[in-house]
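Remember, it's 1-based here, ligands and their atoms both numbered in the order they're listed. Note that this is a predicted model, so its numbers are computed, not measured.
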Amino acid sequence: MALTAMEIYALLPQTNCGECGTPTCLAFAMQLANKQASLDDCPDASDEARQTLAAAAEPPISLVEIGSGDRKMKIGNETVMFRHEETFHHPCGLCVCIPDDAEDAEERIEKAGELWFERIGDMIGAELVAIEDTSGDADRFAGLVAAVLEQGTQVPVLMSEDPGLVRSTFETVENLADARPLVYGANEDNWSDMAEVAAEFDVPLGVRAEGLDALAELTPQIKDKGVEQMVLDPGGEDALETMQMLTQIRRQALENNFRPLGYPTIAFARSDDPRKAAVDASTYVSKYAGVVVIEGEEPWQILPLATLRQNLYTDPRVPPAVEAKLYEIGEPTEDSPVILTTNFALTYFTVVNEIEASRVSAWVVVVDTEGQSVLTAYSSENLNAEIAAEAIKEVGLEDLVNHREVIIPGYVAVMSGALEEESGWSVTVGPREATAIPTYLRRKAS
Ligand code: SF4
């Protein structure tokens, strides 16, 4: 939590010696508060002042890095309780959990590797695969962790409470520590040995304790063992209690700057009913897990969670947009239809998906509407006949097609006459809903 200038001033020597380059300690404190100076410039600053300022500069929720290279993900370092206050910065990780005594564990790892989906231009899916030590067989456990690592589509999570087994896995599986897996984890009984393993291999550590008080007692001790990056599991009897504790952890960290709970969290959606597990998982995505673990590798279990997460972690102040330009869908020729739409990402990708489904190649003119959808853009004057005509002209379509017909969204049929006048093109009113595009285009092409 940032300190005020007066709080910083109270920590300074108050001799006004001027050696920091400012005439008074108060002026220097004001510079420090505005992050325009460094305490290193004051030769007489006490150790207490240095420690207090360093602690104040730390984020209230630590940033934790899991994975490496292309698979690196960052969780934590959130600054607000509610998305509308600013934005959420680091999307939670989605983790598929596979017990190592499952006969089909290898096939399930393979299946988890396919849990990636393209949505509005981003690849979304499960970033983590946890191998759960349910057999006690160190070779089996290490072999499955190695399989996740070799597959390369997800980062492994070593889920075991046995520090010896975790250590032997790091020693057996080549390059495992470099991949920076999450180890889950430490508890009230094994924390000392588990912290030593995590510190030795420099990997983040999941910490579980029954309730917030127990967690708050454990984390400083684990930190003293050299583990800076932790992910907290407060337990919880059911989804409601878990969500309440995840909320408390976030609140304590953000509002009270309570360091022992200033870490991202991990939550488990376990249920005999996979539908309930999916619903519980969606609760944890919303409030406030850093990693959500779910049993099951079916796309219907992961895709809705990944979609929810993508929506939650989008900056509400910036509409998702694509570049405004001419797009070739399929292999358009000089006879292909020309379709006009806006650069709101959801609109663009919906339209493109439907054009692709029609199997009719087309030119798509995307107008810069500041990321607004068709009707919103039209009502805010970000889409009108003048702007659409300018977009058609700018992309150079006249040299690419041998016709002069543009199809506009059905919702802005009202601007067709004005657009014909502005552009000199013949305007055809297309469907209102994107779902009607395939039938519309096929009919037009026949
Ligand atoms: Fe004050 Fe330190 Fe600056 Fe001297 S060098 S004026 S003691 S802040």
Check step by step if salt bridge (Lys or Arg N to Asp or Glu O under 4.0 Å) holds for E106 and R140. CA-CA 11 Å; E106 286 87 352; R140 171 80 174 153; 2.9 Å; yes
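- Heavy atoms of D44 come nearer than 4.0 angstrom to ligand 1 in no pair at all.
- In terms of protein heavy atoms, atom 8 (S) of ligand 1 is closest to F28 CD2, 3.4 Å.
- Of the protein's non-hydrogen atoms, C42 SG, 2.4 Å is the one closest to atom 2 (Fe) of ligand 1.
- Below 4.0 Å from some heavy atom of T15 lie the following atoms of ligand 1, by number and element: 7 (S).
- In terms of protein heavy atoms, atom 3 (Fe) of ligand 1 is closest to C20 SG, 2.3 Å.
- Of all atoms in ligand 1, listed by their number and element, those nearer than 4.0 Å to a heavy atom of N16 are 6 (S).
- What sits closest to atom 1 (Fe) of ligand 1 on the protein, heavy atoms only, is C25 SG, 2.2 Å.
- By heavy-atom distance, the residue among P13, A27, G18 lying nearest atom 6 (S) of ligand 1 is G18.
- Side-chain atoms of N311 and R83 form no donor-acceptor pair, as typed in the model, at a separation below 3.5 Å.
- Note on ring orientation: taking the six-membered ring where Trp is involved, the planes of F170 and F201 are parallel (angle under 30°, cut-offs 30° and 60°).
- Atom 2 (Fe) of ligand 1 has no N, O or S atom of C17 inside 2.8 Å of it.
- Looking at R270 and E295, a side-chain N of the basic residue comes within less than 4.0 Å of a carboxylate O on the acidic one, giving a salt bridge.
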Does the salt bridge (Lys or Arg N to Asp or Glu O under 4.0 Å) test come out yes or no for E394 and K325, once each step is laid out? CA-CA 9 Å; E394 262 184 21; K325 62 174 190 176; over 6 Å; no
